[in-house]
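To start, the structure itself, in structure tokens.
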Amino acid sequence: MRAVFTAFFSMSVSGGLLALALLAAKRLLGGRVSRQWQYYIWLVVLLRLLVPFGLEPGLPGRAYQAALSARAALLPQSPPPVSPAPAAGLEPEGEDPPRPVPSGADSRPLPDPGGLVGEYAWMIWLAAALGLLIRKITVYQSFLRYCRAGMTPLSDMAVLDRLSAAAEQAGVRTPVELCVQPLVSSPMLIGFFRPCILMPRADMPETDFFYMVLHELTHYRRRDMLYKWLVQVTVCLHWFNPLMYLMSREIARDCEFSCDEAVLAKTGGRSPQDYGKTLLNAMAAAGRRQETPGTVSLSENKQLLKERLGAIMNFKKRSHGARLLTGALTLCVLAGAAFTGVCPVSAAAPSAARTQAENPSPRQKADTGRYARMAERAYEAGSLPLFQMAFSNLDGDAQGAWLERIFADRSLVFFGAAAGLLEEDCPPMQRLAEAVYKDGELAYFSILAPRMSRSALESWLDRALEEGNWAFQSVLFQALDSGEAWDALKEAREKEWEAVQTAEYGAVGVTASGKDFYYQGQLVHIFLDARPNKSFYTLSINPKGSVDVKILRSAEGGITGAAYMSEAEAAELLGDMEDPEDGEETVPVHFQTVAAGQTLCLGEYVLSEGDEIGYDILAETGRRMKVFFARDGEEDAVYWSVNSLRRPGEALECAADFTVGPPAGAGTYRLYLQAPEGALGNVRGSFFLAPANPA
């Protein structure tokens, strides 16, 4: 809003200069241009005051930039002496560093344009503008109620016939009501949607009636009431500019002069004396109540009436030369409106920011130190809102140092809060993205991706594709809104992986037909392909099988062969699955499909500190799977969570062991399985719970 106020202030300066130039031109030209041109040319000034257009940088823009340059030249290049600092370690906690102590009268700091007045000037401007506009509307509504309370509609057919004749000559086809209100000062037009002409009295000569009604109908046909309210709104918005009140009075004068000229043009200019007598009679019959802004009336004060009478008696049609002069003047006013321009705040603000960055004041240096200490205390206390506020006020180097520290601490919450405040593709983010990528921290890279430009994301994707980094490819495809391309690539790679796995199994004598496995021509009862951490690549149990087979893998995970399982190994595997230890609970998990975004509750459990919990759940198809505990109604606060993304050449699984303890306490929790990104297919496995103190 400060930028809006700055631009509006520059518009006020431009419009004020244009209004002064127009007033001077009117005084010099006198009666050589038509009154109607003098009235309507003010619309250009109003446009200049209300619409932020113009050629850059414009007069206000150049003046503003010159002021910024002058102020930058006057700023001190080195900080003034400071008062002695307390000894190290004695600075009170939470206090600011010592303030600079001026030495001499010349060392007084320049006023800060971003201080209290600059910060809230727009609020003062807007409050005053709204207050003035509301007051004008209220006064106008009160005046309308006053008029309508005492007015009497005229129903005399002879009078209404004369009204119709005047309306036809004025070119008005909309019905206009005619009423008598003895207390109004002169004939006037009121009402936007239901126009009504108010007459001080009904018994008046026919000539006076004709000219009075024709004058008000001309106001209605030209929409002078809307014009006047546009002026009132402009004055309210630019209330601080004294030239606006002068302009408003001049437009009101020109409105009546131009209307007189239009009336005489309608009558052919045959009887200006009769029209002048009508104005004199209207002034003599003036009522007690004066009109308000927003109405259009026939008579004004005596001085204006004298000028109008002189203009009426001197009325004549404009020559061809006068019309050419009018056109040239119009072009000059339009050019002046364009070249005065608007202050380019968008361009000036960065220049001011650079000046302040290059020449920081002692106060700015003190603020930087204060925010640095605030960030330190908030981070240590775990206060995320305070940390965000302090972080946003640090410079780029300090923000980069904080991000590196947070990443080293692996604080995902603070990392996300800080990264969201960075500018797109800023140097600290670029350095950190490189470190995150090298460490394979997918979650942290996912936080940085939205702060990257499209060109940066495409560059990272090219690198991930070249290096075969499957997990980072998925994040980058999603960040680029290329989900279809990712799905096609994923499907092709999954088929490739399945073909590779089938070939590897076949190389050691294992073949598959659907879900049935065969080893050396024998149907397999138990087929086990396990990782070193005891999670499964493949586990299949076929009651019709006759042999138990396991895949042998090296420490690096490569298949080295296949072998029969001993009875002891098979019994141990089946015993772990079917005969849990004392108090241990094993819950089988099997779902044919889990819809995209669906969260399934797997049961409610009472957990105590020290309890052992574990997941061993796989999904045959799907991109991401999440398993977690949460209290009833608090699904956003998750505990003992595993959020797994499918990696190339591996099954999608959530396999992990946890011990119940802080920060979560003992209590009743619900176990959930979720499909965060896309549907899951053929979900199977188990969850186990081993109490620390079995009954």
Side-chain angles (χ1 to χ4, degrees), residues 1-3 75-76 79-80 82-83 85-101 109 112-120 122-123 349-350 352-436 439 441 443-452 636-637 663:
M1 285 301 296
R2 290 180 62 187
L75 284 172
V82 298
S83 58
L90 297 182
E91 181 179 345
E93 180 68 21
E95 293 188 5
D96 293 342
R99 295 287 185 184
V101 178
D112 184 4
L116 187 63
V117 175
E119 184 71 26
Y120 297 106
W122 69 268
M123 297 179 64
R354 286 194 298 270
T355 301
Q356 292 180 356
E358 295 169 1
N359 303 281
S361 66
R363 178 175 181 177
Q364 288 173 321
K365 291 183 177 181
D367 287 344
T368 301
R370 181 168 70 252
Y371 287 123
R373 292 194 302 278
M374 181 189 297
E376 184 70 38
R377 290 195 294 268
Y379 185 70
E380 294 297 333
S383 176
L384 191 61
L386 287 178
F387 180 81
Q388 285 181 294
M389 183 178 69
F391 183 87
S392 64
N393 287 280
L394 298 176
D395 58 32
D397 292 338
Q399 288 181 339
W402 264 111
L403 281 168
E404 292 173 4
R405 174 179 171 182
I406 295 170
F407 177 61
D409 294 343
R410 294 300 192 269
S411 178
L412 190 62
V413 175
F414 274 85
F415 188 89
L421 300 172
L422 295 177
E423 294 183 1
E424 187 178 87
D425 290 344
C426 64
M429 189 199 66
Q430 295 177 17
R431 293 193 300 268
L432 197 61
E434 184 68 33
V436 169
D439 287 358
E441 293 289 350
Y444 291 87
F445 194 87
S446 301
I447 292 173
L448 294 176
R451 308 304 304 163
M452 299 180 187
D636 292 335

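If you're wondering where the values come from, they're calculated on a predicted model, not measured in any experiment.
Considering CG of L394 and CE of M374, their distance stands at 9.5 Å, rounded to 0.5 Å. Rounded to the nearest 0.5 angstrom, M429 CE and E423 CD are separated by 10.5 Å. Q399 contributes atom CD, which lies 9.0 Å from atom CG of N393 (distance to the nearest 0.5 angstrom).
For the pair E380 and R405, the salt-bridge criterion is met [side-chain N within less than 4.0 Å of a carboxylate O].
Across all their heavy atoms, A418 and I406 have their closest contact at CB-CD1, 4.3 Å. Across A417 and Q388, no two heavy atoms sit closer than the pair CB-NE2, 3.6 Å. Annotation for P428 and G396: closest pair CG-O, 3.4 Å, computed over non-hydrogen atoms. Taking each heavy atom of E404 and R431 in turn, the nearest pair found is OE2-NE, 4.1 Å. Of all the heavy atoms in V436 and F445, the pair that sits closest is CG1-N, 3.4 Å.
Between L422 and L403, some side-chain heavy-atom pair lies under the 4.5 Å cut-off.
Ring planes of Y379 and F387: tilted class, angle from 30 to 60°. Classification of the F407-F415 ring pair by plane angle, with boundaries at 30° and 60°, yields tilted.
The backbone N or O of R410 lies less than 3.5 Å from a partner atom in the side chain of Y444, making a donor-acceptor pair.
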